[in-house]
Amino acid sequence: MPELPEVETVKRGLNKLIVGKTITNISFDWPKSFPNSQDDIASFAYGAKVINVRRRAKVLMIDLSTKYTFVIHLKMTGQLVYVGAQKNKNTTKNRFGAGHPNDSLIGQLPDKSTRVITTFNDGSVLYFNDQRKFGWMKFMPTAEVKTLPFFVKVGPEPLEDTFSADLLNKRLLKRPNTTIKAALLDQSVLAGIGNIYADESLFGANIHPASTVKKVPKKHINKLHKEIIDVLNLSIQKGGSTDKNYVNAEGKKGSYITFAKVFRKEGKPCINNCGNIIIKTKVAGRGTHICIQCQKKYV
DNA sequence: CACTTGACCTGTCCGC
DNA sequence: TGCGGACAGGTCAAGT
């Protein structure tokens with residue numbers, strides 16, 4: 001589920017909501033979601049203050065004053081939802097944002113998907129929910145985070161200034177013989193792109209997702225570079241994509257999906273008015289949305 | 001080594 | 001309505 005724009009949105013929300021708060025209790029009962037021992041938590045989290053919330057690729061990090069960090073991956077269906085003390089005392093009443101009755105997927109928490117409950121000194125609560133249990137949290141010294149295998153190999157951040165078209169080209173050529181979609185989804189090539197934004201950016205760049213990386217002309221890689229940045233920025237502006245489960249730190253949906261040009265648009269006319277219908281097929285083992293008229297296949 | 005496929009889980013939707 | 005199977009936004013291990 002959450003890709004870079006969704007995780008970035010959660011990060012920004014949490015930075016507004018939990019920085020400065022002190023952790024008083026954490027409860028959890030699914031070791032694959034959160035493998036740490038209660039002893040670790042009690043020693044280094046209870047009484048600790050939240051200093052900062054960071055993001056790298058699709059991973060969130062919550063840094064504590066004890067120089068310990070929660071490292072969190074939401075995978076497909078993870079959610080981090082903050083509920084203020086006042087709201088938490090109520091039940092489901094007033095849990096839907098004023099004037100937006102349908103912008104939330106969250107009912108009363110905790111629910112059956114809740115894996116970890118973090119309580120703060122003011123009575124507010126952060127829920128880690130994850131229906132499919134693919135997501136995880138790890139609690140470790142802040143200094144050790146960068147030694148995690150994922151962080152050692154992960155590629156550059158596409159929204160940093162140093163991300164140039166030449167850099168994209170160089171990174172993609174780490175996987176010269178695979179499909180360009182598989183390369184974009186490979187987090188060691190580039191950080192943060194998932195299935196939605198791979199399809200959207202490849203459509204914008206007129207590249208068929210099954211094109212072989214090394215066969216795609218540099219001119220089109222340049223276009224892809226621009227599309228990646230534009231698509232990610234637009235999605236962040238819209239609060240990310242909510243297809244099924246994703247909500248931000250306040251439990252609210254993102255609206256990017258209504259701006260998507262191909263993702264989940266199978267059977268609909270291509271937005272370029274080329275006369276073709278968007279089809280859904282499978283590339284790199286993933287559902288893939290394409291206009292075969294507008295997206296050229298380089299093989 | 002490079003690349004692809006299956007596994008991890010639960011829930012939902014679709015066809016019979 | 002019930003049931004089986006396919007599928008869902010991510011990543012790693014195992015397989016080719």
Side-chain angles (χ1 to χ4, degrees), chain A residues 1-10 29-35 55-60 71-80 105 107 111-115 128-138 148-155 171-203 209-215 231-232 235-236 238-248 253-267 280-289 299:
Chain A
M1 138 205 215
E3 308 180 30
L4 187 154
E6 291 76 33
V7 180
E8 177 67 20
T9 302
V10 172
D29 61 2
W30 186 254
K32 283 186 179 174
S33 294
F34 193 17
R55 178 191 64 76
R56 176 79 169 98
K58 301 170 191 170
V59 180
L60 277 169
V71 184
I72 304 165
H73 202 308
L74 301 173
K75 289 286 181 86
M76 307 279 259
T77 56
Q79 306 172 327
L80 277 174
L105 283 171
D111 65 20
K112 64 193 293 193
S113 75
T114 301
R115 310 292 168 215
F128 174 44
N129 304 323
D130 185 18
Q131 184 179 93
R132 287 174 74 179
K133 299 180 176 174
F134 286 1
W136 46 259
M137 292 175 60
K138 296 181 200 303
L148 287 170
F150 179 87
F151 286 121
V152 170
K153 67 171 193 201
V154 70
R171 300 300 299 185
L172 288 171
L173 287 172
K174 279 167 55 91
R175 307 283 308 274
N177 298 306
T178 191
T179 61
I180 193 154
K181 175 150 179 176
L184 281 177
L185 293 174
D186 183 340
Q187 299 298 294
S188 73
V189 168
L190 186 61
I193 305 287
N195 207 33
I196 297 176
Y197 304 107
D199 280 7
E200 290 295 310
S201 57
L202 287 167
F203 173 79
S211 298
T212 305
V213 170
K214 68 183 178 192
K215 302 284 190 181
V231 158
L232 294 178
S235 184
I236 290 171
K238 302 299 175 190
S241 300
T242 296
D243 186 36
K244 290 203 168 61
N245 294 270
Y246 169 75
V247 291
N248 68 15
K253 300 178 187 175
S255 68
Y256 175 81
I257 208 80
T258 61
F259 297 85
K261 293 172 177 162
V262 286
F263 191 81
R264 289 289 151 78
K265 301 292 182 193
E266 59 268 34
K280 184 175 182 187
T281 178
K282 198 165 260 199
V283 176
R286 315 293 302 280
T288 299
H289 309 77
V299 290

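Naming: A, B, ... by sequence-line order, numbering from 1 per chain. Reckoned from all heavy atoms, side chains included, excluding hydrogens, waters and symmetry mates.
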- Message: What contact category does A:Tyr197 fall into here, base, sugar-phosphate, or nothing, at under 4.0 angstrom with non-hydrogen atoms?
- Response: nothing

- Item | Contact under 4.0 Å: A:Lys32 side-chain N or O vs B:dC8 OP1/OP2 | no

- Message: For a quick test of reading the model: is some side-chain N or O of A:Lys112 closer than 4.0 Å to OP1 or OP2 of B:dG11?
- Response: yes

- Measure the shortest side-chain to side-chain distance between A:Leu184 and A:Val189 over non-hydrogen atoms and say whether it is less than 4.5 angstrom. no

- Task: Measure the distance from CD on A:Gln131 to P on C:dG10 and round it to the nearest whole Å.
- Result: 16 Å

- Query: Please give, in whole Å, the distance from B:dC1 C1' to A:Asn177 CG?
  - Reply: 12 Å

- Task: For A:Gly287, answer base if it contacts any base atom (sugar-phosphate contacts may also be present), sugar-phosphate if it contacts only those atoms, and nothing otherwise; contact means non-hydrogen atoms under 4.0 Å.
- Result: sugar-phosphate

- Is there a Watson-Crick or G-U wobble partner for C:dA14 with both distances under 3.5 Å, and which nucleotide is it? B:dT4

- Does any non-hydrogen side-chain atom of A:Asp130 lie less than 4.5 Å from one of A:Trp30? no

- Task: Kindly indicate whether the side chain of A:Arg132 and the base of C:dA8 share any N or O donor-acceptor pair separated by less than 3.5 Å?
- Result: yes

- Quickly work out the A:Asn195 CG to C:dC7 C1' distance and round it to whole Å. 12 Å

- Message: I want to verify a distance call: between C:dC12, C:dG9, B:dC3, whose nearest atom is closest to the A:Phe150 side chain?
- Response: C:dC12

- Message: For a 4.5 angstrom cut-off between non-hydrogen side-chain atoms, does A:Ser241 reach A:Ser235?
- Response: yes

- Message: Less than 4.0 angstrom between a side-chain N/O of A:Arg175 and OP1 or OP2 of B:dA2, yes or no?
- Response: no

- Would you say A:Thr77 reaches C:dG9's phosphate, i.e. side-chain N/O to OP1/OP2 under 4.0 Å? no

- Atom P, compared across C:dC3 and B:dC9: separation rounded to whole Å: 24 Å

- Go ahead and name the base partner of C:dG9; Watson-Crick or wobble counts if both distances stay under 3.5 Å, otherwise write none. none

- Taking atom P of C:dG10 as reference, at what distance in whole Å does atom CZ of A:Arg55 sit? 14 Å

- Side-chain touch A:Gln187/A:Lys58, heavy atoms, less than 4.5 angstrom: yes

- Message: Does a side-chain N or O of A:His73 approach OP1 or OP2 of C:dT11 to a distance below 4.0 Å, or not?
- Response: yes

- Under 4.0 Å between a side-chain N/O of A:Lys214 and OP1 or OP2 of B:dA2, yes or no? no

- Task: Quote, to the nearest angstrom, the P distance that separates C:dG5 from B:dA7.
- Result: 15 Å

- Figure out the CG/P separation between A:Leu74 and C:dT11, and round it to whole Å. 10 Å

- Contact class for A:Asp243 (heavy atom, under 4.0 Å): base, sugar-phosphate, or nothing? base

- Task: Check every strand shown and say whether A:Gly285 touches a base, only sugar-phosphate, or nothing at a heavy-atom separation below 4.0 Å.
- Result: nothing

- Stacking between A:Phe134 and the base of B:dC8 (centre distance under 5.5 Å, interplanar angle under 30°)? yes

- Task: Just call it for A:Arg264: base, sugar-phosphate, or nothing, with non-hydrogen atoms closer than 4.0 Å on any strand.
- Result: sugar-phosphate

- Task: Return the nearest nucleotide to the side chain of A:Thr178; candidates are B:dC3, C:dC12, C:dT11.
- Result: B:dC3

- Message: I want to check something: taking the side chain as every heavy atom from C-beta on, are A:His73 and A:Phe134 in contact at a cut-off of under 4.5 Å?
- Response: no

- With A:Asp186, which of A:Arg175, A:Lys174, A:Lys181, A:Arg171 fulfils salt bridge (charged side-chain N to carboxylate O under 4.0 Å, His left out)? A:Arg175

- Task: Provide, to the nearest angstrom, the distance between the CG atom belonging to A:Asp186 and the C1' atom belonging to B:dC3.
- Result: 10 Å

- Note on the structure: A:Tyr246 atom OH is separated from C:dG9 atom C1', nearest whole Å, by 12 Å

- What is the distance, rounded to the nearest whole Å, between atom CG of A:Leu172 and atom C1' of B:dA2? 16 Å

- Considering only the P atoms, how many Å lie between C:dG9 and B:dC14, rounded to the nearest integer? 16 Å

- Item | Parallel, tilted or perpendicular: ring planes of A:Tyr256 versus A:Tyr197, cut at 30 and 60 degrees | tilted

- Query: Taking OP1 and OP2 of B:dC9, is either one under 4.0 Å from a side-chain nitrogen or oxygen of A:Lys75?
  - Reply: no

- Query: Base, sugar-phosphate alone, or nothing: which one does A:Lys244 contact when heavy atoms must sit under 4.0 Å apart?
  - Reply: base

